[in-house]
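Each remark here refers to the structure printed beneath this line.
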Amino acid sequence: MSDVTTSLDPRAAAVHTVRTLAIAACYYAAGRLGLLRELIIQDSVVSPIWPPTGVATAALLVYGLRACPGIALGSLGIILTLTTSPQLSALGLVAGNTAAPVCGYLMLRRVGFRTDLARLRDGLSLVFLGAFGAMLISSGTGAGLLAATAGTGGQDFWPLWLSWWVGDAMGVLIVTPVLLLLHRLHRHLRRPWPRVRWREAVGLALVAGCLVTVATHSPASLLFLVYPLVIWAALRFQLAGSMLCVLLASVMATVAATEGTGPFRDMTRVEVMLNLQAFNGAIALTALLLSAVIAEQHHTRRSVERACQELMEVLEHLTAGDTAPARPGTAPGNPRPPDHPSLDPPPLDRPSPDPPPLDRRPPDRDTA
């Protein structure tokens with residue numbers, strides 16, 4: 001009865017409607033951002049990083065299956081902006097774009113995924129279940145429908161499917177952790193940073209801005225310079241610092257790849273896609289897994305310190321009990337009263353003295 005009352009509550013219905021529209025708006029805005037940088041693979045528009053998949057996965061992890069209507073509505077809005085005459089295949093694309101993050105969410109919930117990404121198993125689950133595994137559904141559905149409606153053969157299907165799958169997976173790997181961090185931002189703000197920490201963060205941001213710009217726009221292949229930056233951010237700021245560096249590097253690399261400048265100059269479209277996605281995937285994996293390992297180490301250290309502190313408190317209590325002040329009538333240094341019969345140790349068994357020797361001489365005759 002309570003569930004029926006809650007479902008009919010006008011306030012709950014209004015909250016659900018606002019949440020659905022907000023998720024749809026975020027999905028649509030992320031899709032428009034993803035379409036700003038696109039590549040043409042087999043006469044089809046492909047985004048190297050498709051942010052809506054990251055938005056959908058994060059919304060499901062935060063709000064559960066209640067986010068499904070917003071995801072479907074936002075996906076429909078993106079498809080309507082790309083096609084002037086919607087067909088039945090658009091419904092298939094909406095179904096695939098909605099089913100992929102839902103399946104990823106169900107698999108993540110099955111393995112006990114935690115949104116703080118503080119364990120190595122959480123990072124591995126997001127990579128292999130939420131990104132690589134679940135996005136097979138959306139890429140297979142989308143590439144199959146486009147190949148069927150366009151009348152192309154199987155030769156064009158596989159390059160399109162690979163580009164679609166990698167773009168959706170990169171959206172989960174890069175966008176989802178950042179959104180989960182923003183969702184937990186209020187918890188991090190409760191503990192203010194010292195001034196030295198802020199200086200280090202500002203220095204990291206300045207170095208990241210300069211280094212990533214040089215690495216992604218230099219004609220020489222300098223993309224490897226980003227890896228020490230990501231490692232530094234993971235060691236000092238864990239997931240928050242490393243994923244922000246990954247987001248900056250991925251966006252700058254995508255801009256350079258779509259413009260054909262920097263290390264992506266004089267490459268074919270397929271080579272650009274392969275090199276770009278290899279770089280994005282490598283730095284995202286490095287940041288996620290390294291940050292998770294460091295977070296686990298910090299948690300283990302705090303647990304050991306807490307156990308040591310509790311042990312010290314127990315020892316202090318025991319020591320305080322042994323050196324308690326003596327009661328009246330008790331000698332200093334002796335916790336019991338003197339000559340207490342119940343506390344004195346029992347006397348030792350001492351051998352009794354030998355009896356006097358017997359006189360064995362014969363009696364005197366005169367006396368007899």
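We count residues from 1, following the sequence as given. Predicted model only: the values in this text are computed from it and were never measured.
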**Distance in Å, Thr176 OG1 paired with Leu61 CG, rounded so as to fall on 0.5 Å steps** = 7.0 Å

**Request:** Would you give the length of the straight line joining atom OH of Tyr27 to atom CD1 of Ile71, rounded to the nearest 0.5 angstrom?
**Result:** 7.5 Å

**Message:** Within this structure, what is the OG-CG distance for the pair Ser47 and Leu35, rounded to the nearest 0.5 Å?
**Reply:** 6.5 Å

**Asked** Where the side chain of Arg121 meets the backbone of Val111, is there a donor-acceptor pair that is under 3.5 Å apart?
**Response** yes

**Request:** Calculate, to the nearest 0.5 Å, the distance between atoms OG1 and CZ belonging to Thr216 and Phe279 respectively.
**Result:** 8.0 Å

**Message:** Between Val202 and Trp232, is there shared hydrophobic-cluster membership here, with clusters defined by ILVMFWY side-chain heavy atoms closer than 4.5 Å?
**Reply:** no

**Item:** 4.5 Å side-chain heavy-atom contact, Met135 and Ser138
**Value:** yes

**Message:** Has Ser291 got a side-chain atom pairing as donor or acceptor with Leu288's backbone, closer than 3.5 angstrom?
**Reply:** no

**Message:** Could you check whether any side-chain N or O of Thr98 sits under 3.5 Å from a backbone N or O of Ala95, counting only pairs where one atom can act as donor and the other as acceptor?
**Reply:** no

**Prompt:** Who pairs with Glu296 by salt bridge (charged side-chain N to carboxylate O under 4.0 Å, His left out), at least two apart in sequence or on another chain?
**Reply:** none

**Request:** Without swapping roles, check the side chain of His299 against the backbone of Ala295 for a donor-acceptor pair under 3.5 Å.
**Result:** no

**Asked** Using the ring of each side chain (for Trp, its six-membered ring), is Trp161 parallel, tilted or perpendicular to Trp165, with breaks at 30° and 60°?
**Response** parallel

**Request:** Kindly give the cluster partners of Leu21, where membership spreads through any ILVMFWY side chain lying under 4.5 Å from a current member.
**Result:** Leu73

**Asked** Hey, does the side chain of Arg66 reach the backbone of Tyr63 with a donor-acceptor pair shorter than 3.5 angstrom?
**Response** yes

**Prompt:** Do you know which two heavy atoms are closest between Ala287 and Met243, and how far apart they sit?
**Reply:** CB-SD, 3.9 Å

**Prompt:** In the hydrophobic cluster built from side-chain contacts under 4.5 Å, what are the other members alongside Ile294?
**Reply:** Ile231, Leu235, Leu290

**Asked** Is it true that a side-chain atom of Ser75 and a backbone atom of Ala72 form a donor plus acceptor pair closer than 3.5 Å?
**Response** no

**Asked** In the hydrophobic cluster built from side-chain contacts under 4.5 Å, what are the other members alongside Leu33?
**Response** Leu36

**Request:** Look at the side chain of Thr53 and the backbone N and O of Asp168, then say whether any donor-acceptor pair between them is shorter than 3.5 Å.
**Result:** yes

**Prompt:** Does some side-chain heavy atom of Ile49 sit less than 4.5 Å from a side-chain heavy atom of Ile174?
**Reply:** yes

**Message:** Using the salt bridge (charged side-chain N to carboxylate O under 4.0 Å, His left out) criterion, which residues pair with Arg199? Sequence neighbours excluded.
**Reply:** none

**Message:** Does Arg197 qualify as a cation-pi partner of Phe237, given the criterion of NZ or CZ under 6.0 Å from the six-membered ring centre and within 45 degrees of its axis?
**Reply:** yes

**Asked** Do you know the tightest heavy-atom contact between Pro263 and Ala220?
**Response** CB-O, 4.2 Å

**Request:** Return the minimal non-hydrogen interatomic distance between Phe132 and Ala169, and the atom names on each side.
**Result:** CD2-CB, 3.9 Å

**Request:** Determine, stepwise, if the pair Val62 / Thr115 fulfils side-chain contact (heavy atoms from CB on, under 4.5 Å).
**Result:** CA-CA 8 Å; Val62 173; Thr115 56; 5.6 Å; no

**Message:** Donor-acceptor pair, distance only, cut-off 3.5 Å: does the side chain of Ser163 make one with the backbone of Leu160?
**Reply:** no

**Request:** Determine the minimum heavy-atom distance between Leu126 and Leu173, stating which atoms define it.
**Result:** O-CD2, 4.4 Å

**Request:** Supply the atom-to-atom distance Leu108 CG to Leu129 CG, rounded to the nearest 0.5 angstrom.
**Result:** 6.0 Å

**Backbone N/O of Pro48 and side chain of Gln277: donor-acceptor pair under 3.5 Å** = yes

**Asked** Got a second to check how far Asn280's CG is from Ser250's OG, nearest 0.5 Å?
**Response** 4.0 Å

**Prompt:** Do Trp50 side-chain atoms and Val166 backbone N/O form a donor-acceptor pair below 3.5 Å?
**Reply:** no

**Prompt:** What residues, two or more places apart in sequence or in another chain, satisfy salt bridge (charged side-chain N to carboxylate O under 4.0 Å, His left out) together with Glu259?
**Reply:** Arg37

